[in-house]
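First comes the structure, then the notes that go with it.
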Amino acid sequence: MSSLLKKISDLKVNFEKGQLLGVDIGLSSVKLAVLSEIKKGKYRLDKFRSIPLSEAAIIEDDIQKPEEIIDALVRILTEEKIGKKIACLGMNGPNTVTKRLQVPDGPMDDVEDNILWESEQYIPFGADDAEISFSIIRRIEEEDVVDAIVGAARIDVVERYQELLKEAGLTAKIVDLNVFAIVNIFELVFENSLEELSNEGAIIIDFGAQYTSVIVYKNNGPVLTKEVPIGGVLLTEEIQRTMGVSYDEAEDLKIHGDDNGNLPEEILGILEVHIEKLMDELKKVLNFYIASGSSEQVGRCYITGGSAKLPGVKESLEELINIDVEEINPFEVIGIKKAFDEDELDDIASSGLVSLGLAMRKI
Ligand SMILES: Nc1ncnc2c1ncn2[C@@H]1O[C@H](COP(=O)(O)OP(=O)(O)OP(=O)(O)O)[C@@H](O)[C@H]1O
Ligand SMILES: [Mg+2]
């Protein structure tokens, strides 16, 4: 493309409106989802594609192999024939944070100032280096306060990811947090019972490759989000080391088992230790919400993410928290355009959930 044409197409992006492409760059893969809103609040999945990333393409937020991520995005856009260029990009990890807080009710300008001022102390990477936004969840009239949720991400990290998207011809019009994307899907799926869920309180956990993200949902929004740096990739690496196989072989063994579809003895041992370690960490994060007799005890638990499929995760979690655990199925409410096959939908429901939540956004 000549530079003039490129400039014109860049310009066109600025006028593009509507549903955004949901882009989730995870440790294990790049996922892109396209939804359309067929009626107010009714969505349909038009396109979804996930392209696996090689070992160590990203370490924490350090993008080691930018070309690979750009290529994956370009391939998705071309092969899925996606003409749209405006995206909602999801962020997670230690360079992001959320905080639920309450400030005195009053004129909107004061409320905004108060929320921003109050939130500064909760941003571990420093408010000066952070992109901060918030949303008001409700007003509590008896206490004359406004209840809000704040989300923040480190500006330099956000910019690095935005630059990557740009290289692939995309513009990230909205940068969101993955935990908020999950909450959006959660609220959509449970729209009809949300009031009850919200009063009772629910734990939502995304078991990813790098992180296990925990959300506690109560009183109409998240009251806690926390990312534990333990995910499926640690298990893959351990299998690699113990069995002397490559990263890809270890990944395949972990997901599909041996020739008979069984997990070898060695892996079962490693898996048990891994899950135990993960549950110990989850216990620390959730203690306040699961301890019997605690006034904050919650009543439901929902899971998602590729590593939620690890044998034993659901059962160990149920044992830990003493609540039934259910996988979130977005397709209870989101329609499907193309004939995705059953396995594909199952993967989208777990690994792709964040990208679906991001794709719910529009401008
Ligand atoms: N059927 C399965 N059984 C066990 N593990 C699985 C299965 N399917 C996927 N995984 C694991 O799930 C992880 C990928 O899940 P997901 O796509 O949710 O993570 P991610 O978004 O790339 O990671 P993160 O959000 O932590 O950056 C990988 O570690 C993969 O090995
Ligand atoms: Mg993820």
Side-chain angles (χ1 to χ4, degrees), residues 22-33 48-65 68-69 72 89-96 157 161 176-182 185 204-215 225-240 245-258 261-264 267-268 270-272 274-275 278 281 303-316 327-328 330 342-358:
V23 177
D24 173 20
I25 302 174
L27 180 86
S28 70
S29 56
V30 173
K31 298 121 186 154
L32 193 151
F48 176 85
R49 185 72 182 276
S50 155
I51 293 192
L53 293 174
S54 67
E55 182 180 8
I58 307 174
I59 299 173
E60 284 182 7
D61 278 323
D62 214 359
I63 303 159
Q64 311 268 337
K65 301 177 185 167
E68 195 179 322
I69 295 165
L89 169 69
M91 303 287 301
N92 65 347
N95 292 312
T96 62
V157 179
Y161 276 83
D176 208 339
L177 299 186
N178 289 357
V179 283
F180 291 161
I182 295 172
I185 289 280
I204 314 166
I205 306 181
D206 174 8
F207 292 92
Q210 181 162 220
Y211 302 111
T212 299
S213 313
V214 181
I215 301 163
T225 73
K226 177 106 186 140
E227 271 161 346
V228 176
I230 298 180
V233 74
L234 285 183
L235 191 55
T236 307
E237 286 168 356
E238 192 59 32
I239 295 172
Q240 227 181 319
V245 292
S246 72
Y247 177 82
D248 290 342
E249 286 165 334
E251 189 69 16
D252 189 50
L253 262 174
K254 179 179 86 171
I255 296 177
H256 302 112
D258 59 17
N262 299 321
L263 286 179
I267 297 189
L268 286 175
I270 301 171
L271 179 62
E272 198 181 321
H274 175 84
I275 292 183
L278 182 54
E281 288 306 311
I303 58 173
T304 188
S307 300
K309 301 224 172 301
L310 273 175
V313 160
K314 182 170 175 280
E315 295 73 15
S316 306
E327 276 184 62
I328 301 178
E342 200 119 315
D343 284 349
E344 209 174 347
L345 286 177
D346 196 40
D347 276 345
I348 301 174
S350 53
S351 253
L353 197 85
V354 166
S355 67
L356 296 180
L358 297 168

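Numbers here simply count residues along the sequence, with the first being 1. Each ligand, and each atom within it, is numbered from 1 in the order the structure gives.
Although no hydrogens or angles enter the test, the distance criterion places no donor-acceptor pair under 3.5 Å between the side chain of Lys31 and the main chain of Leu356. Panel note: side chain Glu238, backbone Ile270; no donor-acceptor pair is recorded below 3.5 Å. Checking side-chain atoms of Ser307 against main-chain N and O of Gly208 turns up a donor-acceptor pair under 3.5 Å.
For Glu315, the CD atom sits in a packed shell: over 12 heavy atoms of surrounding residues, nucleotides or ligands are nearer than 6.0 Å.
Among all protein heavy atoms, the one lying closest to atom 19 (O) of ligand 1 is Ala209 N, 3.2 Å. Considering only non-hydrogen protein atoms, atom 4 (C) of ligand 1 sits nearest to Leu310 CD2, 3.6 Å. Scanning all protein heavy atoms for the shortest distance to atom 20 (P) of ligand 1 gives Lys31 NZ, 3.3 Å. What sits closest to atom 3 (N) of ligand 1 on the protein, heavy atoms only, is Lys309 CB, 3.8 Å. In terms of protein heavy atoms, atom 14 (C) of ligand 1 is closest to Ser28 OG, 3.3 Å.
Partners of Glu327 according to the salt bridge (Lys or Arg N to Asp or Glu O under 4.0 Å) rule, which considers only residues two or more places apart in sequence or in another chain, are Lys309. Applying the salt bridge (Lys or Arg N to Asp or Glu O under 4.0 Å) criterion to Glu60, with sequence neighbours excluded, gives no partner residue.
The ligand atoms of ligand 1 that sit less than 4.0 angstrom from a heavy atom of Tyr211 are 26 (O). The contact set between ligand 1 and Glu251, taken as ligand atoms under 4.0 Å from a residue heavy atom, comprises 28 (C), 30 (C), 31 (O). Set against the non-hydrogen atoms of Ser351, the atoms of ligand 1 under 4.0 Å away are 15 (O), 16 (P), 17 (O), 18 (O). Near Gly208, the atoms of ligand 1 lying under 4.0 angstrom from a non-hydrogen atom of the residue are 18 (O), 19 (O), 23 (O), 26 (O). Set against the non-hydrogen atoms of Ser29, the atoms of ligand 1 under 4.0 Å away are 22 (O). Against a heavy-atom cut-off of under 4.0 Å, Gly305 is close to the following atoms of ligand 1: 18 (O).
Here's the thing with Leu27: one of its N/O atoms is less than 3.5 angstrom from an N/O atom of ligand 1. In terms of N/O distances under 3.5 Å, ligand 1 is approached by Gln210.
When all heavy atoms of Phe48 and Ala33 are compared, the closest pair comes out as CD1-CB, 3.9 Å. Across Thr212 and Ile230, no two heavy atoms sit closer than the pair OG1-O, 2.5 Å.
In the candidate list Gly306, Ala308, Gly232, Gly306 is nearest to atom 5 (N) of ligand 1, counting heavy atoms.
Using a 4.0 Å cutoff on heavy atoms, His256 does not count as a contact of ligand 1. Residue contacts with ligand 1 include Ser307, since one of its heavy atoms falls under 4.0 Å from the ligand.
Only the side chain of Asn92 comes within 4.0 Å of ligand 1, counting heavy atoms alone; its backbone N, CA, C and O stay farther away.
With Leu89 as reference, Ile25 is the one residue of Ile25, Asp24, Asp176 to meet the side-chain contact (heavy atoms from CB on, under 4.5 Å) rule.
Side-chain contact between Val233 and Tyr247 is present, with at least one heavy-atom pair separated by less than 4.5 Å.
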